[in-house]
Number of protein chains: 2
Amino acid sequence: MKSIISNINKAFDHRIRLGIMSVLMVNEYADFKSLKELLGATDGNIASHTKALEKQKYIKVEKSFIDRKPNTRYIASEKGRKAFQEHLDALEKLLNSKNDLNN
Amino acid sequence: MKSIISNINKAFDHRIRLGIMSVLMVNEYADFKSLKELLGATDGNIASHTKALEKQKYIKVEKSFIDRKPNTRYIASEKGRKAFQEHLDALEKLLNSKNDLNN
DNA sequence: TTATTTTACTTTGTTTTTCAAAGTACTTTA
DNA sequence: TAAAGTACTTTGAAAAACAAAGTAAAATAA
């Protein structure tokens, strides 16, 4: 039997990654510093969680120089958008359907 | 500044714990086996995640014997219900508000 | 000019968490 | 009475999370 949580995506199980994706769903892109400030996370934290999402190809990373300073932009990929939407749908289903034991 | 994820509860950051709580929100109680089957998790998995929720006093555990067999029932505590509801509210806020970088 | 601080990350190593396999203590079935 | 099953718990290895330290270039101060 398919379990009630089988469509919940492990990649989004963490609040920082959830936050990153949710920011990238509504913004075309976000840079390192913005994510860090928005999420109240440490540098290392943002680095490792974005790396994890990048590894899954859920976000793309664009490195450039802005005002002669390095700048890293994160962008949700199509794959990422789709996966995140499916995750949200699964979440909604889990939470809104009453998961009654006597079905 | 309060970050957009600061009200997301770390205790519910994991899909198995999320599943346990969501089941316990709509059912008065659930036993070990039911949780295990509903969530498609291993024994050790259910044991450690329920223990984590118990440690936070989000669920209560009642041990008894049913048909001479040991039976463990898990029940959401008032504290747990409240915490979970707040978590859901935070989730909704995170996902539905557009977290625009240009606010 | 040179030193110091700041910015924007990345790397590192420890701590914490997750996980499933193995263990325990029975009960049931053969 | 032995073997198999049930209902968990314990364990220890593997993975993930974390923040501190590191790096490199730029900006600012001396």
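Since we're looking at a predicted model, the values are computed, not measured. Just the heavy atoms: all of them, side chains too, but no hydrogens, waters or symmetry mates, feed the values below. Just so we're on the same page: letters track the sequence lines, and every chain starts at 1.
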Given dC19(C), dT18(C), dC9(C), which nucleotide is nearest the side-chain atoms of Arg17(B)?
-> dT18(C)
Between dA24(D) (C1') and Lys63(A) (NZ): distance, integer Å | 13 Å
Worked verdict on Phe65(A) versus Asn71(A) for side-chain contact (heavy atoms from CB on, under 4.5 Å) = CA-CA 5 Å; Phe65(A) 282 84; Asn71(A) 183 270; over 6 Å; no
Below 4.0 angstrom from OP1 or OP2 of dT7(C), is there any side-chain N or O of Lys69(A)?
-> no
Nearest-Å distance, CG (Leu35(A)) to C1' (dA8(C))?
-> 13 Å
Between Lys33(A) and dA8(C), is there a side-chain N or O to OP1/OP2 distance below 4.0 Å?
-> yes
Nearest-Å distance for atom pair CG/P, residues Asn71(B) and dT9(D) | 11 Å
Specify the separation, in whole Å, of atom CD1 of Ile20(B) and atom P of dT18(C).
-> 11 Å
With respect to the side chain of Ser48(B), which nucleotide from dC18(D), dT10(D), dC19(C) is positioned closest?
-> dC19(C)
Once you round it to whole Å, what is the distance between P of dT18(C) and CZ of Phe12(B)?
-> 13 Å
Proximity to the side chain of His49(B) - top-ranked nucleotide from dT11(C), dA7(D), dT18(C) | dT18(C)
State which of dC19(C), dA19(D), dA7(D) makes the closest approach to the side chain of Asn45(A).
-> dA19(D)
In whole angstrom, give the distance that lies between atom CD1 of Ile46(B) and atom P of dT10(D).
-> 16 Å
Would you classify Thr42(A) as touching base, sugar-phosphate or nothing, given that sugar-phosphate means primed atoms plus P, OP1 and OP2, and contacts are heavy atoms under 4.0 Å?
-> base
Grab the NE2-P distance between His14(B) and dT16(C) for me, whole Å please.
-> 18 Å
Within the side chain of Asn45(A), is there an N or O that forms a donor-acceptor pair under 3.5 Å with the backbone of Ala41(A)?
-> no
Residue mapping more 5' on DNA chain D - nearest nucleotide basis, Gly44(A) or Asp67(A) | Gly44(A)
Here the distance between atom C1' of dA16(D) and atom NZ of Lys10(B), to the nearest Å, is 11 Å
Using only heavy-atom distances, determine whether the side chains of Asn9(A) and Tyr58(A) contain a donor-acceptor pair under 3.5 Å.
-> yes
Taking the side chain of Asp43(A) as heavy atoms from C-beta outward, which of dA17(D), dC9(C), dT18(C) is closest to it?
-> dC9(C)
Which atoms form the tightest heavy-atom contact between Asn7(A) and Ala90(A), and what is the distance?
-> O-CB, 3.3 Å
What nucleic acid atoms does Lys36(A) come within less than 4.0 Å of, heavy atoms only: base, sugar-phosphate, or nothing?
-> nothing
Name the closest nucleotide to the Arg68(B) side chain, picking from dA26(D), dC19(C), dT28(C).
-> dT28(C)
Upstream residue (5' side of DNA chain D) when Arg15(A) and Thr72(B) are each assigned their closest nucleotide = Thr72(B)
Going by heavy atoms in the side chains, are Lys55(A) and Lys51(A) under 4.5 Å from each other?
-> no
